[in-house]
Amino acid sequence: MALPVLSSSGVKFRRVLAHFPQELSLAFAYGSGVFRQAGASAGHGENNMLDFVFAVDDSVTWHMMNLLKNRSHYSFLKLFGPKQISSIQSYGAGIYYNTLVPCNGRMIKYGVISTDTLIDDLLHWKTLYVAGRLQKPVKILTQNENSKLQAALVSNLKSAVTAAFLMLPESFSEEDLYMQIAGLSYSGDFRMVIGEDRSKVQNIVKPNVPHFQKLYSNILQDCPQVVYKHHLGRIQIDKSPEGQFTQLMALPRTLQQKITSLVDPPGKNRDVEEILLQVAHDPDCGFVVHQGISGIVRSSSIVQSAKTILTAAAHVVPSSPVPIPNKPRDCRQQGCGLGSPVASCKPF
């Protein structure tokens with residue numbers, strides 16, 4: 001099963017991609033600059049920041065090439081060279097972000113993650129940071145023939161469905177499922193308390209149900225524990241202890257470990273299978289799963305946010321808009337790095 005490529009014009013995204021070293025195993029765009037969102041962001045998609053993630057096989061080499069092309073994108077950390085940047089990248093969620101970068105008339109942000117780190121997160125939910133983004137609709141821009149990465153992308157979607165099932169009742173709507181899935185990577189994220197719009201998940205899902213369906217409908221149709229009434233938009237699942245045990249055993253390894261640590265008293269050291277069987281019979285099974293996910297997200301989001309202070313230290317949002325020059329400017333002066341004439345490289 002191939003990860004669905006969502007249909008929309010990708011020209012503007014690929015024009016941005018052309019500014020960067022092309023040694024990418026996966027590149028995708030995401031967020032309100034790509035997909036319409038309800039609430040405060042509605043109607044402003046063309047002005048919203050464009051968010052990208054680039055997966056690369058060799059982080060040191062990629063940063064070295066990007067420093068040659070786009071040195072102004074980096075904070076003061078560029079002074080330490082590509083090896084140190086790659087080392088800092090490995091902390092937290094394993095991704096290094098350059099933020100507030102003007103390019104092709106838009107403000108962009110892009111994160112760089114190693115292919116191996118991405119695969120590990122997709123399969124095992126070590127941080128659920130990039131894996132969580134890939135559980136929601138994204139615009140795939142380029143993807144190589146790495147079969148291990150392809151399998152991990154699909155595995156991540158299946159794991160998201162399984163975790164959501166454990167936290168939902170026996171019968172629910174398709175939209176309920178997508179709300180639960182979209183909220184996985186926000187569980188335990190302190191930014192949802194102090195900074196983010198608390199209705200963010202709803203704003204993501206409601207305008208984009210067809211995109212979620214493209215990602216998940218085949219998985220739902222192939223799942224033996226599901227009665228998927230597509231024409232009614234309703235789903236029924238097996239909530240028996242046996243059914244929940246099967247789902248718990250299919251969860252990513254890190255989440256199983258988190259659940260085990262929550263349930264098993266210190267010193268007992270019981271088998272994971274024994275503990276999950278106990279959880280499957282617990283009326284609060286869904287709450288335990290939610291707590292496990294929150295534990296994963298909380299630790300990675302705190303470290304990643306702290307790391308952003310270093311990686312974005314050189315970029316300050318201006319208090320007033322920067323005037324668009326009458327004469328086309330060299331994009332290298334504005335931070336895009338290739339020297340192509342751009343008439344409106346300015347922050348929004």
Heavy-atom pair of closest approach, residues [X] and [Y]:
{"X": "D121", "Y": "T127", "result": "OD1-N, 2.9 Å"}
{"X": "T260", "Y": "I275", "result": "CG2-CD1, 3.1 Å"}
{"X": "F35", "Y": "P137", "result": "CE1-O, 3.4 Å"}
{"X": "Q135", "Y": "I181", "result": "O-CG2, 3.7 Å"}
{"X": "V201", "Y": "A182", "result": "CG1-CB, 3.8 Å"}
{"X": "A250", "Y": "T162", "result": "CB-CG2, 4.4 Å"}

Do [X] and [Y] get their side chains close enough for a donor-acceptor pair, meaning under 3.5 Å?
{"X": "D238", "Y": "S240", "value": "yes"}
{"X": "N98", "Y": "Y110", "value": "yes"}
{"X": "S59", "Y": "Q89", "value": "yes"}
{"X": "D57", "Y": "T115", "value": "yes"}
{"X": "Q150", "Y": "E145", "value": "no"}
{"X": "S173", "Y": "R234", "value": "no"}
{"X": "K126", "Y": "T117", "value": "no"}

*Just jot down the side chain to side chain donor-acceptor pair (under 3.5 Å) partners of N146, sequence neighbours excluded, or say none.*
none

*Taking only residues two or more places apart in sequence, or in another chain, which ones meet T254 in a side chain to side chain donor-acceptor pair (under 3.5 Å)?*
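Per chain and number, T254 pairs via side chain to side chain donor-acceptor pair (under 3.5 Å) with no residue.
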
*Hey, would you say the Y96 and H63 ring centroids sit under 6.0 Å apart?*
yes

Listed by chain and number, what are the side-chain contact (heavy atoms from CB on, under 4.5 Å) partners of [X], not counting sequence neighbours?
{"X": "D271", "value": "E274"}
{"X": "T246", "value": "Q225"}
{"X": "S261", "value": "none"}

*Could you walk me through whether D120 and R253 pass side-chain contact (heavy atoms from CB on, under 4.5 Å), step by step?*
CA-CA 10 Å; D120 187 53; R253 182 179 63 203; 4.2 Å; yes

*Can you pull the salt bridge (Lys or Arg N to Asp or Glu O under 4.0 Å) pairs that have at least one residue in residues 164-187, sequence neighbours excluded?*
E175-K206

*asked:* Atom OH of residue position Y91 - does it have more than 12 heavy atoms of other residues, nucleotides or ligands inside 6.0 Å?
replied: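 Open: at most 12 neighbouring heavy atoms sit under 6.0 Å from OH of Y91.
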
*Check step by step if side-chain contact (heavy atoms from CB on, under 4.5 Å) holds for N203 and K200.*
CA-CA 5 Å; N203 292 343; K200 187 177 182 71; 5.5 Å; no

_Could you go through F54 and F20, starting from their C-alpha distance and side-chain angles, then the distance that decides it, and tell me whether this counts as ring-ring contact (aromatic ring centres under 6.0 Å, His included)?_
CA-CA 10 Å; F54 304 148; F20 297 93; 5.1 Å; yes

*Mind running side-chain contact (heavy atoms from CB on, under 4.5 Å) on E273 and M249 for me, showing each step along the way?*
CA-CA 7 Å; E273 187 173 340; M249 289 297 293; 4.2 Å; yes

*Aromatic rings H290 and F287: how do their planes relate, parallel, tilted or perpendicular, breaks at 30° and 60°?*
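Plane angle under 30°, so parallel.
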
*Using the six-membered ring wherever Trp is involved, compare the ring planes of F52 and F13 and label them parallel, tilted or perpendicular (cut-offs 30° and 60°).*
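Correct class here is perpendicular.
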
_L118 and side-chain contact (heavy atoms from CB on, under 4.5 Å): which single residue from L123, V56, L134, I95 fits?_
L134

Please tell me if the side chains of [X] and [Y] come closer than 4.5 Å, counting only heavy atoms from C-beta onward.
{"X": "M49", "Y": "S32", "answer": "no"}
{"X": "I296", "Y": "Y129", "answer": "no"}
{"X": "I204", "Y": "Y178", "answer": "no"}
{"X": "Q244", "Y": "L166", "answer": "yes"}

*asked:* Ring of Y97, cation from K109 - is the NZ or CZ under 6.0 Å from the centre and inside 45° of the axis?
replied: yes

*May I have the step-by-step check of side-chain contact (heavy atoms from CB on, under 4.5 Å) for I108 and D51, ending in yes or no?*
CA-CA 6 Å; I108 72 168; D51 298 305; over 6 Å; no

